[in-house]
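In this chain, residues are counted from 1 in sequence order.
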Amino acid sequence: MPAAKIPATVITGFLGAGKTTLIRNLLQNPGGRKIALIINEFGDLGVDGDILKGCGIETCSEDDVVELNNGCICCTVADDFIPAMTRLLERDTLPDHIIIETSGLALPQPLVAAFNWPEVKTRVTVDGVVTVIDAAAVAAGRFAEDEAKVAAQRAADTSVDHDNPLEELFEDQIRAADLIVLNKADLIDRDALERVRKETARATPRTVKTVAAENGKLPADVLLGIAAGTEALIGERKSHHEIEHEGGEDHDHDEFESFVAEAGPVKDLNAFVEGLKALIGEHDILRLKGFADVPGKPMRLVVQAVGQRIETYFDRPWGKDETRQTKLVVIGLHDGLTDQLCRTIAGRIAALAGGDNAAEAAE
Ligand SMILES: Nc1nc2c(ncn2[C@@H]2O[C@H](COP(=O)(O)OP(=O)(O)OP(=O)(O)O)[C@@H](O)[C@H]2O)c(=O)[nH]1
């Protein structure tokens, strides 16, 4: 009798929605499962993988975390994802469940379709696509356009030409879902949550189970064991891009830009954080995340910003052989982040770390 297929859950959702946080909770409470993780990130720093490796969860050894840092999983399926999956399946001890965290800018559809590749199809099945939504951001109107405008557009033209890539991605990620998590429910009231639920439901013609969460805290049995077999269904859940370029292979990720800003030790943490907030407000920065060296502190500082909400915490001691350093990935829309601006922002971050609050000097 052939061995049962290993279930794999694809966790998708826009930048900063809370995918890594949800996975960290899942690893802490895996319901007895041995979980292997494949992480795909946009940006060169591998922050999510590093946070998960640094979390000290017993059930999550470094070997169980595979990082793909080549940017977009949908463009590198053959070169990157399939070999990583094959290597995972060749191990002596197989995982009970595989979790794949996609980059916040990835379309889940091509990744799920990759499970139909012969070398994967016989061994693994997609248990479900879990789409994590930043309910607070959606409630604040950050991903979807003005409802009335969308409705008017739809009425005028059934093949709506969305020129907002954020909105398209948001919809594509929802369209692929078997389960939708309305995360960051702690930041909004019930009415707003209900509005987000409705807005989310409008993005897909299917009825998809939706749950609210705070800090991605959901029981493993809610997230895993959906048994959807999504690889066989994904053809029915096309992305905007697939619909527009039916049959075509071309694919454009130029809409988003990322760079790594390096800086020296952070002299004044409060001023640094306040300065970053101001910087994010001034420029179209969607996401900023990484690590900072705070002199006098034995621990590494994690810096996380989603829009203007910024969070910092010390996650683990710097390693003996590790260079203490301040490095942040900055992600924004291509049009908003020109090369010149990237250099300016990097200069400002370096100046802020150095305690230069009047960082204009760096411009
Ligand atoms: N208040 C609040 N903050 C949250 C919640 N979930 C996540 N966060 C914070 O939001 C930020 C982003 O969370 P991540 O889990 O890194 O998000 P992500 O989706 O993995 O981000 P990318 O990998 O960049 O796409 C972090 O600062 C989290 O602590 C939540 O439910 N409530």
Side-chain angles (χ1 to χ4, degrees), residues 15-16 18-30 35 37 39 41-67 69 99 101 104 184 186 214-217 258-280 285 287-331 345-359 362:
L15 285 175
K19 299 177 292 295
T20 309
T21 309
L22 176 139
I23 291 171
R24 188 161 48 179
N25 279 306
L26 190 55
L27 293 175
Q28 270 159 350
N29 306 287
I35 291 179
L37 262 181
I39 300 177
E41 271 201 82
F42 188 84
D44 293 331
L45 209 52
V47 178
D48 296 352
D50 230 42
I51 287 177
L52 288 167
K53 282 179 191 165
C55 66
I57 300 169
E58 242 175 69
T59 44
C60 163
S61 81
E62 294 212 1
D63 283 352
D64 292 329
V65 182
V66 180
E67 286 177 84
N69 286 124
I99 304 279
E101 177 183 355
K184 307 201 185 178
D186 53 311
E214 296 184 6
N215 288 307
K217 278 192 194 127
S258 85
F259 67 94
V260 176
E262 296 192 31
V266 174
K267 283 207 174 128
D268 177 340
L269 184 52
N270 284 337
F272 182 63
V273 170
E274 287 309 311
L276 288 180
K277 249 190 226 172
L279 191 63
I280 292 167
I285 296 174
R287 183 89 166 97
L288 183 148
K289 58 181 174 177
F291 308 102
D293 167 20
V294 185
K297 300 282 180 190
M299 309 270 275
R300 175 177 81 165
L301 185 82
V302 178
V303 180
Q304 290 262 21
V306 183
Q308 263 178 295
R309 188 171 303 122
I310 193 158
E311 185 189 72
T312 55
Y313 60 91
F314 292 98
D315 76 327
R316 65 155 173 81
W318 290 99
K320 259 199 199 120
D321 303 323
E322 197 176 13
T323 312
R324 295 176 64 116
Q325 53 188 345
T326 302
K327 267 190 174 185
L328 300 172
V329 183
V330 182
I331 303 173
I345 293 171
R348 288 273 303 271
I349 291 175
L352 285 169
D356 180 2
N357 244 337

**Request:** Could you pull out the closest heavy-atom pair between Asp315 and Arg300, with the gap in Å?
**Result:** OD2-NH2, 2.7 Å

**Request:** Grab the two heavy atoms, one from Ile349 and one from Ala261, that are nearest each other, plus how far apart they are.
**Result:** CD1-CB, 3.8 Å

**Fill in**
Between Val266 and Pro295 the two heavy atoms that sit nearest each other are O-CD, 3.1 Å

**Minimal non-hydrogen separation, Ile310 against Ala305, with atom names** = CG1-CB, 3.9 Å

**Item:** Asp186 (side chain) donor-acceptor with Asn215 (main chain) under 3.5 angstrom
**Value:** no

**Complete:** Output for pair (Glu101 CD, Leu37 CG), nearest 0.5 Å, gives 8.0 Å

**Message:** If you compare all heavy atoms of Ala292 against all heavy atoms of Val303, which two are closest, and at what distance to 0.1 Å?
**Reply:** CB-CG2, 4.2 Å

**Message:** Working to the nearest 0.5 angstrom, can you tell me the gap between Ile23 CD1 and Ile99 CD1?
**Reply:** 6.5 Å

**Spacing of CD belonging to Glu274 relative to CG belonging to Leu352, to within rounding of 0.5 Å** = 10.5 Å

**Message:** Using side-chain contact (heavy atoms from CB on, under 4.5 Å), reason through Ile345 and Phe259 one step at a time and then give a plain yes or no.
**Reply:** CA-CA 10 Å; Ile345 293 171; Phe259 67 94; 3.9 Å; yes

**Message:** Could you work out, with salt bridge (charged side-chain N to carboxylate O under 4.0 Å, His left out) as the rule, every residue matching Arg324, not counting sequence neighbours?
**Reply:** Asp293

**Asked** Going from CG on Leu279 to CD on Gln308, what distance comes out if it is rounded to the nearest 0.5 angstrom?
**Response** 10.0 Å

**Asked** To the nearest 0.5 Å, what is the distance between CD1 (Ile285) and CG (Leu15)?
**Response** 12.5 Å

**Complete:** Nearest heavy-atom contact between Pro30 and Ile35 is CB-CD1, 3.9 Å

**Request:** Evaluate the criterion side-chain contact (heavy atoms from CB on, under 4.5 Å) for residue pair Phe314 and Val302; output intermediate values, then yes/no.
**Result:** CA-CA 6 Å; Phe314 292 98; Val302 178; over 6 Å; no

**Item:** Residues that Lys297 engages under salt bridge (charged side-chain N to carboxylate O under 4.0 Å, His left out), provided they are two or more places apart
**Value:** none

**Message:** Within this structure, what is the CH2-OG1 distance for the pair Trp318 and Thr323, rounded to the nearest 0.5 Å?
**Reply:** 8.5 Å

**Message:** What I want to check is whether the side chains of Arg287 and Gln304 have a donor and an acceptor closer together than 3.5 Å.
**Reply:** yes

**Message:** Taking salt bridge (charged side-chain N to carboxylate O under 4.0 Å, His left out) as the definition, give me every residue that meets it alongside Lys184, ordered by chain and number, with sequence neighbours left out.
**Reply:** Asp134

